[in-house]
Amino acid sequence: MTIAADLVAQFKRLFGAEPRLFRAPGRVNLIGEHTDYNEGFVMPAALNLATFVAAAPWPDRRLRVHSLALAASTEFDLDDRWPASRRDWSDYVRGVAAVLQNEGYPLTGANLLIDGRVPIGSGLSSSAAIEVATALALTTLGGVTIPLLEVARLCQRAENDYTGARCGIMDQFVSCFGRQGHALMLDCRSLEATYLQLPPSVRLVICNTMVRHELAAGEYNERRASCERAVKAIGKILPDLRALRDLNLESLEHHRSLLTDVDFRRCRHVIKENARVKDAAEALKCLNLVRIGELMYLSHESLDRDYEVSCEELNIMVEVASRLNGVLGARMTGGGFGGCTVNLVQTEELSEFTEQIVSGYQARTGLTPLVYVCSAAEGAGAVIP
Ligand code: GLA
């Protein structure tokens, strides 16, 4: 039985009602890391690993939520407009419900059953997937249809305002707007997306380091603060400067004395990374996969040295991959401090790659990585409307 069919069967057994069913995918980012909240460019793809929410209304004002993947439940009252955070997975549901109600969308009491295949806390946006699938479920049950772009924005706001993670729009956007077989280049200022076909001669292979360093959330907000500090400092002299997106390397160098060395390096990463995304889009259009691979390695190096969001395990995974046959490029993906790498691997070398990355990483770290051979999938929507 598929995960979706199983979820529906379990829902009927538990709640004795026919549910509606919604799906939202996780994502991998090919290139363009820590650029979204600088109004820059990113190039993610939605994954064929998704979260499903089965839901049916219940005649009261409570949301009862059960996660099969985590074997955990939670319940809260919709009349509590900003329910207290639990600091766990259920905050994504609470946050989405709170933001939707604050925006004036009517919600009804309901039972929600959640399951999914997006590895949790691994940098593949399991949080965006649960947020988006929950938002679709709650608004549909509430009898309203909101445009997908608004869904993405409100889910980002839930994460920013409710959980306190000051993330950009990338994850929620691609979870909503992914396209099968395509990556998308997103301009995070205009929110204009360009779809780029991924050639069948290569596969996206994701390698999970199996570590997640605890500093992740605090360090993420700290990186964002660095960027904002720099824009403020240089903005005193260049009043048109709105975000790091507007700055070039020359200008950064010119104003270097206004910045701490750390903030300077953070800016250098963002500016160069934006340029790499544009380069990679051009390279993908003319199927120059070798060039994309080079750009991925450069991105990783910059995230490690200038942005300082990599870690030993991610570096080892990239290094091991870089020595294997058929690997065009490899880099950390997502926020960093553990989680996953993304590898561009020639299809014909796939089985050798998956075998050797496991043994190579194991030999260096003593950890057994999980490897997901992925394809780019459609964005979120109703499976049973
Ligand atoms: C996390 C955030 C995104 C983005 C990446 C880094 O995934 O949710 O908005 O900032 O980190 O590129």
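For this chain, numbers begin at 1 and follow the sequence in order. Whatever order the structure lists ligands and atoms in, that order sets their numbers, starting from 1.
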Return all side-chain donor-acceptor pairs below 3.5 angstrom for residues 321-328, not counting sequence neighbours, or 'none' if the list is empty.
{"from": "S322", "atom 1": "OG", "to": "E319", "atom 2": "O", "distance (Å)": "2.6"}
{"from": "R323", "atom 1": "NH2", "to": "E319", "atom 2": "OE2", "distance (Å)": "3.0"}

* **Atom CZ of R305: over 12 foreign heavy atoms under 6.0 Å** =>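 No, CZ of R305 has 12 or fewer neighbouring heavy atoms, counting only those of other groups under 6.0 Å.
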
* Asked: In Å, rounded to the nearest 0.5 Å, how long is the span from CG of N343 to CG of L204?
  ->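 Rounded to the nearest 0.5 Å, the CG-CG separation comes to 9.5 Å.
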
* Nearest-0.5 Å distance, SG of residue C374 to CG of residue N48 ->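 The distance works out to 5.0 Å.
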
To check your reading of the model: name the closest protein heavy atom to [atom], its residue, and the distance in Å.
atom	answer
atom 10 (O) of ligand 1	Y220 OH, 2.5 Å
atom 3 (C) of ligand 1	D36 OD2, 3.3 Å
atom 5 (C) of ligand 1	M170 CE, 3.8 Å

Using a plain distance cutoff, I'd like to know if [X] has any nitrogen or oxygen under 3.5 Å from a nitrogen or oxygen of ligand 1.
X	result
N29	no
G168	yes
S125	no

* To do: Using a 4.0 Å heavy-atom threshold (strictly under), name the region of R27 that reaches ligand 1: side chain, backbone, both or neither.
  =>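 Contact part for R27 vs ligand 1: side chain (C-beta onward).
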
* Is there side-chain contact between L198 and H182, with heavy atoms separated by less than 4.5 Å? ->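 The answer is no; the side chains never approach within 4.5 Å.
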
* Between L303, D171, V174, flag the one that comes closest to atom 1 (C) of ligand 1 by a heavy atom. =>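 Ranked by closest heavy atom to atom 1 (C) of ligand 1, first place is D171.
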
* Please work out whether the ring planes of Y307 and H34 are parallel, tilted or perpendicular, with thresholds of 30° and 60°. =>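 The arrangement is tilted - the two ring planes meet at 30° to 60°.
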
